[in-house]
Novice: 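Here you go, one structure.
Counting begins at 1 with the first residue of the sequence.
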Amino acid sequence: MHVNRISIPPNHPRAKSLHTREALVDGYRRGLVVAEGLIAHGRGEAYDYLIGECTTKTAQRAIKAAAAMLLLSRHPVISVNGNAAALCPGAIVELAKATGAAIEINLFYRTEERERAIKAELETHGAENVLGVGSRASATIPELQSERRRVDPDGIYSADTVFVPLEDGDRTEALVKMGKKVITIDLNPLSRTAKAAHITIVDNIVRAMPALAEAAHQLNGSKSLKRIVDGFDNKKNLRESLKIIRGVI
Ligand code: ATP
Ligand code: MG
């Protein structure tokens, strides 16, 4: 498909947002992203506008707690979908290396072709041993009907902590019911995922993922990891994000 490309002027007030859209559309053309993923991003963008398109102090607290939780985990797994792979593949791999987390591909609209394209994209950015592709996803999450119930026995199925950026509410709730610790990045503080997760980073994935990798590097070896996690209150944090949206703080 040939599409005319316009260059985005660097001083355009929405330059960053437009570049992010381009990265997603490019991911769509390369077979990483599905059309529905473009729409899901639109819902995220609306909330980004409302929080001021920046990483708020509230999000920074959640990022620190998430980094601490990943570092404390015995078997943390990062679940990657098409949008995440198109928007921040390098930061995902960096976070995996900084925390010792495994990377597993888990798609709502699953085809083996798309799994392979996403795996290749992650490998280009340095990922090794990407889980969840093809017949590797042989275990099932109870209660789920969608294709996303299929998970890797060496990955999400046996993980103690699952990081699910841009996740659908059904699966987040099912993972919590399985007894996993769940961390997410979700711009919508009202989504089911945001409410069900133990730590919700209300921020755009393009800002939050690199910040999380950086926080993991900084906290590595710290003695205060447990204190940071125990001191974090997700409900309070979500209330604060809503106040930011309403302009109250
Ligand atoms: P839920 O299923 O949790 O109730 P939903 O059905 O509204 O949410 P989904 O498409 O299932 O939405 O999940 C995608 C979530 O990711 C949405 O809450 C959306 O706002 C959020 N999102 C989309 N793009 C981004 C992004 N770039 N950064 C952070 N969050 C995003
Ligand atoms: Mg949903």
Novice: Quick one: do L131 and L175 end up in the same hydrophobic cluster if we chain Ile, Leu, Val, Met, Phe, Trp and Tyr together by side-chain heavy atoms under 4.5 Å apart?
Specialist: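 L131 and L175: separate clusters.
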Novice: If the threshold is 4.0 Å, N to carboxylate O, is there a salt bridge linking K57 and E240?
Specialist: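 No, no charged N to carboxylate O under 4.0 Å.
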Novice: Is the CZ atom of R110 crowded by more than 12 outside heavy atoms at less than 6.0 Å?
Specialist: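 Yes - once you tally the heavy atoms of other residues, nucleotides and ligands closer than 6.0 Å, there are more than 12.
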Novice: Less than 4.5 Å apart, side chain to side chain, heavy atoms only: is that true for H41 and T20?
Specialist: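 In short, these two side chains touch, coming nearer than 4.5 Å.
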Novice: Check the surroundings of atom NZ in K97: do more than 12 heavy atoms from other residues, nucleotides or ligands lie under 6.0 Å from it?
Specialist: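 Above 12, so yes.
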Novice: Any ion pair linking R207 and D48 (charged N to carboxylate O, less than 4.0 Å)?
Specialist: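 A salt bridge is present here (some side-chain N lies under 4.0 Å from a carboxylate O).
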Novice: In the single-linkage hydrophobic clustering (I, L, V, M, F, W, Y; side-chain heavy atoms under 4.5 Å), do V206 and I63 co-cluster?
Specialist: yes
Novice: Consider only side-chain N and O atoms of T58 and N237, and report whether a donor and an acceptor are under 3.5 Å apart.
Specialist: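 Looking only at side-chain atoms, N237 and T58 do not form any donor-acceptor pair under 3.5 Å.
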Novice: Would you say NZ of K181 has more than 12 non-hydrogen atoms from neighbouring residues, nucleotides or ligands within 6.0 angstrom?
Specialist: no
Novice: Please examine the side chains of E123 and E128, heavy atoms only from C-beta on, and report whether any two atoms are closer than 4.5 Å.
Specialist: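 With C-beta onward as the side chain, the pair stays apart.
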Novice: Say whether L50 and V202 are linked into one hydrophobic cluster, either directly or through other cluster members, by side-chain heavy-atom distances under 4.5 angstrom.
Specialist: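 Different clusters.
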Novice: Do the side chains of E167 and R171 get close enough for a salt bridge, i.e. N-O under 4.0 angstrom?
Specialist: yes
Novice: Would you call I105 and K119 a side-chain contact if the rule is heavy atoms closer than 4.5 Å?
Specialist: yes
Novice: If you group Ile, Leu, Val, Met, Phe, Trp and Tyr by side-chain heavy-atom gaps below 4.5 Å, do V182 and I92 land in one group?
Specialist: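 In one cluster with V182: I92, no.
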Novice: Testing D186, T193, T184 one by one against T172 for a side chain to side chain donor-acceptor pair (under 3.5 Å), which residue passes?
Specialist: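 Among D186, T193, T184, the one that satisfies the side chain to side chain donor-acceptor pair (under 3.5 Å) with T172 is T193.
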Novice: Mind checking what makes side chain to side chain contact (heavy atoms under 4.5 Å, CB included) contact with A68, not counting sequence neighbours?
Specialist: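 Here the qualifying residues are L219, L225, I228, V229.
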Novice: Just so I know, are the side chains of V33 and L38 near enough to count as touching, which here means a heavy-atom distance under 4.5 Å?
Specialist: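 Yes, their side chains come closer than 4.5 Å.
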